[in-house]
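To keep things clear, I will list the structure first and then write my remarks on it.
We name chains A, B, ... by the order of the sequence lines, and we start the count at 1 in each one. It should be emphasised that the depicted structure is a prediction, and the values quoted were computed from it without experimental measurement.
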Amino acid sequence: MSKAESTETTDNGVIQSVSGPVVSARDLNARMNDVVYVGDEGLMGEVIEIEGNITTIQVYEETSGVGPGEPVENTGEPLSVDLGPGMLDAIYDGVQRPLDVLEGKMDSPYLDRGVDAPGIDLDEKWEFEPTVEEGDEVARGDVVGVVEETVTIDHKVMVPPDAVEEDETAEVVAIEAGSFDVTETVAELSNGVEVTMRQEWPVREARPTVEKQTPRQPLVSGQRILDGLFPIAKGGTAAIPGPFGSGKTVTQHQLAKYADADIIVYVGCGERGNEMTEVIEDFPELEDPANGNPLMARTSLIANTSNMPVAARESCIYTGITIAEYYRDMGYDVALMADSTSRWAEAMREISSRLEEMPGEEGYPAYLAARLAQFYERAGYFENINGTEGSVSAIGAVSPPGGDFSEPVTQNTLRIVKTFWALDADLAERRHFPSINWNESYSLYKDQLDPWFQEEVAEDWPDKRQWAVDVLDEETELQEIVQLVGKDALPEDQQLTLEVARYLREAYLQQNAFHPVDTYCPPEKTYLMLTTIETFNDEAFAALEAGVPIEEIIDVESAPKINRIGVQEDYEEYIEDLKAEITKELRSLY
Amino acid sequence: MKEYQTITEISGPLVYAEVDEAIGYDEIVEIETAQGDTLRGQVLESSEGLVAIQVFEGTSGIDQNASVRFLGETMKMPVTEDLLGRVLDGSGRPIDGGPEIVPEERQDIVGAAINPYSREYPEEFIETGVSAIDGMNTLVRGQKLPIFSSSGQPHSELAMQIARQASVPEEEEDGEDGSEFAVIFGAMGITQEEANEFMQDFERTGALERSVVFMNLADDPAVERTVTPRMVLTTAEYLAFEKDYHVLVILTDMTNYCEALREIGAAREEVPGRRGYPGYMYTDLAQLYERAGRIEGREGSVTQIPILTMPGDDDTHPIPDLTGYITEGQIYVDPDLNSQGLQPPINVLPSLSRLMDDGIGEGLTREDHADAKDQMFAAYAEGEDLRDLVNIVGREALSELDNKYLDFADAFESEFVDQGFDQNRTIEETLEIGWDLLSMLPKDALNRVDEEFIEEYYREDDSEREIVEAAD
């Protein structure tokens with residue numbers, strides 16, 4: 001954040017009391033949500049309550065040693081992010097301070113207090129290529145030029161939304177190609193506005209759009225259970241709740257790695273430091289499956305680990321979604337992962353309790369539901385103000401205490417999101433990964449996404465999915481009986497259904513995130529895998545009908561090869577051979 | 001330094017005093033009672049004219065005439081390499097009768113967060129010699145892996161076994177004798193007897209000279225427990241990141257720490273969170289657990305094994321629940337397995353090591369480790385499930401394969417897990433036993449193992465199962 005350089009100080013106050021991250025100040029002339037600098041060290045904070053002469057501030061840094069009488073400085077501006085080239089391939093804390101720059105500035109592996117750095121490098125030069133000419137009329141949000149931000153992404157330089165009035169235009173009076181830093185003017189407009197590559201935007205406010213549209217394209221993730229059974233749309237919302245150890249973070253990482261979005265914003269909200277380090281170390285080495293470029297070239301990371309100050313955890317979600325909206329404005333499909341929204345909610349609860357607000361359910365503030373809804377509503381498939389279309393998909397992990405989905409954060413999230421991937425501790429315990437429970441999960445996007453899958457993959461995609469769901473449902477019912485009487489007491493056809501369901505579970509639903517091939521499964525492979533299991537199903541039932549004993553059918557040598565489809569790189573040939581082999585072997589039995 | 005005799009209110013562990021100067025949040029306070037005792041405390045809330053102080057030793061003996069001194073600095077831990085071999089109380093003062101500690105530095109005990117950008121991802125395998133951990137839930141340097149236990153379980157024995165046996169195999173081969181390995185033991189509210197067991201074990205094995213022991217016992221003031229782990233971790237960070245030690249931190253019992261937090265919260269009349277624990281407990285615990293790790297460019301590491309006893313053996317209780325969300329996995333000590341006499345009674349199924357996948361495999365442990373582990377998990381889970389069924393329908397009603405799974409589960413517990421608190425197994429031995437067990441199942445059933453490894457390690461006939469025979 002770069003408020004210190006860009007704004008003048010207005011009326012200052014004096015600290016009256018300090019209690020952890022909550023500081024109250026006297027005589028401070030501030031508005032709600034203004035950013036202030038607290039104490040002699042200038043710790044960054046935000047105004048969260050004003051009562052008479054007393055202003056309450058949440059401080060984004062550790063407050064040990066800060067005492068009454070120290071000054072509070074007001075910047076007079078709300079918490080904002082710097083938007084411009086340089087946000088990709090960057091890693092920020094919850095208030096957009098770049099962590100790599102902080103390391104250098106502090107000359108220490110620890111995060112010291114009172115150190116500030118702008119969110120984007122103010123000195124780096126970018127090659128600006130105009131896309132409009134002098135004399136052209138531009139409206140707000142219009143693209144005036146591009147710079148190559150990374151090998152994957154062209155960053156579009158836009159007229160800021162507040163630079164030109166709505167429904168009006170301005171003439172470009174000067175524009176030139178060349179090498180500029182983000183503070184230099186790249187275009188001048190007739191209304192006197194000088195367009196630079198850098199914009200500021202308050203994080204708690206959604207960037208303007210024309211309208212929200214119905215999403216009709218899937219966000220293809222390369223994860224079989226997601227694409228195949230519970231797809232999410234580009235511009236959709238999803239929640240991943242699960243107890244600890246059930247694989248929320250691995251699922252989020254897989255999505256960040258393989259989802260076919262243009263831009264990924266990954267918000268590590270109150271999570272583990274080592275996990276963020278893994279992302280920082282892994283992503284630059286991983287390839288973008290779409291184009292082979294480094295994954296970081298399309299990724300912006302926000303790492304606010306659990307031991308960083310709680311107020312910064314509250315803001316990191318907003319920082320993330322504002323960055324996501326900015327790239328959406330350029331016409332990109334952006335996917336935002338927030339891991340975990342429960343930590344965000346708990347940060348709200350912690351601050352609310354320090355303010356001695358009347359608590360709602362389980363101590364969470366009464367405005368929890370409203371805040372969650374506001375956040376997820378900023379996702380969607382939009383027509384942007386410059387006429388392009390772009391999307392923000394929001395995928396939030398939820399960490400319910402004790403894995404109990406009836407708690408307030410999960411429940412309030414479920415009321416808003418349209419895709420629900422329920423993680424299951426039982427599945428995780430038996431190392432069934434991804435441990436997404438197929439009975440509890442759902443996607444409300446299925447119907448509107450089916451046309452895309454029919455067009456792009458196979459006409460009978462929805463039918464095949466329904467077949468798989470039916471078999472799995474039947475298995476669930478049969479398992480209850482098996483628990484009582486044992487498998488061998490079932491009629492033969494039901495035993496066979498269990499066998500088919502087992503292949504669905506072990507080969508299709510399970511996917512090894514750590515296997516170089518299996519980690520990403522294109523929709524075609526997902527589809528073909530399902531048809532292989534269906535081939536086995538059809539042939540096996542035919543054999544059973546012809547009087548072949550169930551033991552012989554189950555023992556066919558070719559069937560277990562279904563479990564190895566996932567790890568095959570040349571899957572088409574393998575599957576074709578396997579189908580033939582299964583058919584041949586089963587038919588030879590009668 | 002001013003002295004005040006302005007105490008206005010004393011309530012539980014808290015003292016409120018009027019002041020006429022600015023007092024910093026978290027500052028250290030000394031209170032001298034009329035009897036001449038000096039008690040220490042910390043500023044919990046600082047307003048103009050009034051401060052709230054939490055007193056570590058408890059407030060008994062304090063009256064309104066006691067004098068209050070503000071030391072003008074936050075809590076510091078005097079650190080030096082000479083701490084190794086010493087026994088200190090919960091506030092870092094020596095209690096072993098040894099010489100005064102001459103500090104090299106005095107470090108703030110509220111450690112700053114490590115910049116995630118400066119961290120190094122932990123992936124060095126630590127061989128604990130315990131099969132259930134090494135084989136199934138591998139520990140790596142810089143990890144925080146708690147032991148979830150309950151009252152009356154042998155979690156201390158397990159912790160001591162790990163502290164005694166932990167080594168990094170590669171380095172031993174390189175001729176480094178592991179001398180830069182240090183154990184820091186933080187006891188919070190444990191009984192004198194438990195403490196004696198730890199101390200005896202440390203002395204018996206000669207481990208004390210590479211250890212620092214912090215003792216806050218059950219009858220020591222509860223509030224002191226809130227600073228003990230910070231003292232421990234400050235010492236650990238100093239030894240790890242400035243003196244290049246590989247530090248293993250054992251904190252026991254975190255439940256007592258959380259109880260102390262709750263006590264202070266209640267005394268301050270804060271709005272309570274779940275089960276009366278303060279709403280900021282997640283943040284507070286994170287500030288402790290997140291101090292484990294490795295830092296790029298530094299030799300040492302901090303590995304944490306916090307022990308917590310789950311009230312009612314319930315892992316949805318806020319303490320284990322919040323811990324599980326912060327730490328990188330957990331090891332469950334299971335009362336049922338304990339009553340069956342397994343040593344250590346680790347239940348591998350709910351246990352987990354999140355950093356395992358990057359710490360095992362070719363060049364680290366062995367190339368078949370990941371596959372073998374997955375298969376053992378699946379097979380043991382299957383066997384566990386079938387046990388319920390057997391109780392209803394009997395073994396005869398089950399298929400041949402199901403019976404094999406049942407045998408596998410039994411053997412897994414008796415051969416693999418139950419190794420005794422004194423046996424130290426290499427990873428090689430652990431995996432060999434694993435393959436002995438997996439070979440009880442038909443080859444086709446090993447669907448999680450690469451064919452190549454089945455080829456290499458699967459025992460075609462019983463004569464190859466040497467280790468189990470030898471172990472018998």
>> Please evaluate residues A:I280 and B:Y117 with respect to the criterion side chain to side chain contact (heavy atoms under 4.5 Å, CB included), reporting the C-alpha separation (whole Å), side-chain torsions for both, the decisive distance (0.1 Å), and the verdict.
In response: CA-CA 7 Å; A:I280 297 167; B:Y117 189 80; 4.2 Å; yes
> Would A:S64 and B:D108 count as a side chain to side chain contact (heavy atoms under 4.5 Å, CB included) if you check the C-alpha gap in whole Å, the side-chain angles of each, and the deciding distance to 0.1 Å?
Replying inline: CA-CA 10 Å; A:S64 285; B:D108 209 313; 5.6 Å; no
>> Evaluate A:E429 against B:F377 for side chain to side chain contact (heavy atoms under 4.5 Å, CB included), listing each step before the verdict.
In response: CA-CA 8 Å; A:E429 247 179 49; B:F377 265 118; over 6 Å; no
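Taking CD of B:E48 as the start and OG of A:S17 as the end, the distance is 8.5 Å to the nearest 0.5 Å. If you take CD on A:E275 and CG on B:L355, they are separated by 8.0 Å, rounding to the nearest 0.5 Å. Going from atom CE of B:M281 over to atom CD of A:E350 covers 11.5 Å, rounded to the nearest 0.5 Å. A distance of 5.0 Å separates OH in B:Y25 from OG1 in A:T63, rounded to the nearest 0.5 Å.
One N or O on the side chain of A:T277 and one on the backbone of B:P116 form a donor-acceptor pair closer than 3.5 Å. Side-chain atoms of A:R272 come within 3.5 Å of backbone N or O of B:T327 as a donor-acceptor pair. With B:Y325 contributing its side chain and A:P400 its backbone, the two residues share a donor-acceptor pair below 3.5 Å.
Heavy atoms of B:E328 lying under 4.5 Å from chain A belong to its backbone as well as its side chain. With a 4.5 angstrom heavy-atom cutoff, B:S46 touches chain A via backbone and side-chain atoms both. Of the two parts of B:K373, neither the backbone nor the side chain holds a non-hydrogen atom closer than 4.5 Å to a non-hydrogen atom of chain A. For B:V348, the part lying under 4.5 angstrom from a heavy atom of chain A is the backbone only.
Residues B:Y280 and A:V310 form no side-chain contact, since every pair of their non-hydrogen atoms from C-beta on lies 4.5 Å or further apart. At a threshold of 4.5 Å between non-hydrogen side-chain atoms, the residues B:R354 and A:V250 do not count as touching. B:Y121 places none of its side-chain heavy atoms less than 4.5 Å from the side chain of A:M276. The shortest side-chain heavy-atom distance between A:E62 and B:Q287 falls under the 4.5 Å cut-off. Side-chain contact between B:R119 and A:E281: absent, with no pair of heavy atoms (C-beta onward) separated by less than 4.5 Å. Looking only at side-chain heavy atoms (C-beta outward), A:R349 and B:Y282 stay at 4.5 Å or farther from each other. Side-chain contact between A:V18 and B:E45 is absent, with no heavy atoms from C-beta onward closer than 4.5 Å.
Here B:P122 is the residue among B:P122, B:G111, B:G279 with the most heavy-atom pairs under 4.5 Å with chain A. Note: B:E237 leads B:E123, B:E73, B:E270, B:E237 in heavy-atom pairs under 4.5 Å with chain A. Note on B:A397, B:A381, B:P350: by heavy-atom pairs under 4.5 Å with chain A, the leading option is B:P350. Of all the listed residues (B:H317, B:R294, B:Q330), the one sharing the greatest number of non-hydrogen pairs under 4.5 Å with chain A is B:Q330. Contacts with chain B were tallied for A:A425, A:G20, A:P359, A:A347; A:G20 has the most, counting heavy-atom pairs under 4.5 Å. In terms of non-hydrogen atom pairs under 4.5 Å with chain B, the most contact-rich of A:D112, A:N307, A:T305 is A:N307. Highest contact tally toward chain A, considering only B:R448, B:E27, B:E451, is held by B:R448 [criterion: heavy-atom pairs under 4.5 Å]. When each of B:I295, B:T74, B:T316, B:D357 is checked for heavy-atom pairs under 4.5 Å with chain A, B:D357 comes out on top.
Remark: the B:S47 side chain and the A:Q16 side chain contain no N/O donor-acceptor pair separated by less than 3.5 Å. A:N274 and B:Q143 share no donor-acceptor pair across their side chains, judged by distance under 3.5 Å alone. Between B:D388 and A:Q483, the side chains place no donor N or O within less than 3.5 Å of an acceptor N or O (distance only, hydrogens not considered).
Residues passing the side-chain contact (heavy atoms from CB on, under 4.5 Å) test with A:D555, sequence neighbours excluded: none.
Between B:N137 and A:R431, the closest heavy-atom pair is OD1-NH2, 3.7 Å. Counting all heavy atoms, side chain and backbone alike, A:E506 lies closest to B:N447 at OE1-ND2, 2.9 Å. Contact between A:M308 and B:A113 at its shortest, heavy atoms only, is CG-CB, 4.1 Å. Of all non-hydrogen atoms in A:P109 and B:R298, the two that sit nearest each other are CD-NH2, 3.4 Å. B:A112 and A:L111 make their closest contact through CB-O, 3.5 Å (heavy atoms, listed as atom of the first residue, atom of the second, distance). Closest of all the heavy-atom pairs between B:D321 and A:P401 is OD2-CA, 2.9 Å.
Close approach to chain B, defined as a heavy atom under 4.5 Å from one of its heavy atoms, is seen in A:N563, A:R564 of residues 556-564 of chain A, taken by number.
In the displayed structure, A:D107 atom CG is contacted under 6.0 Å by at most 12 heavy atoms of other residues, nucleotides or ligands.
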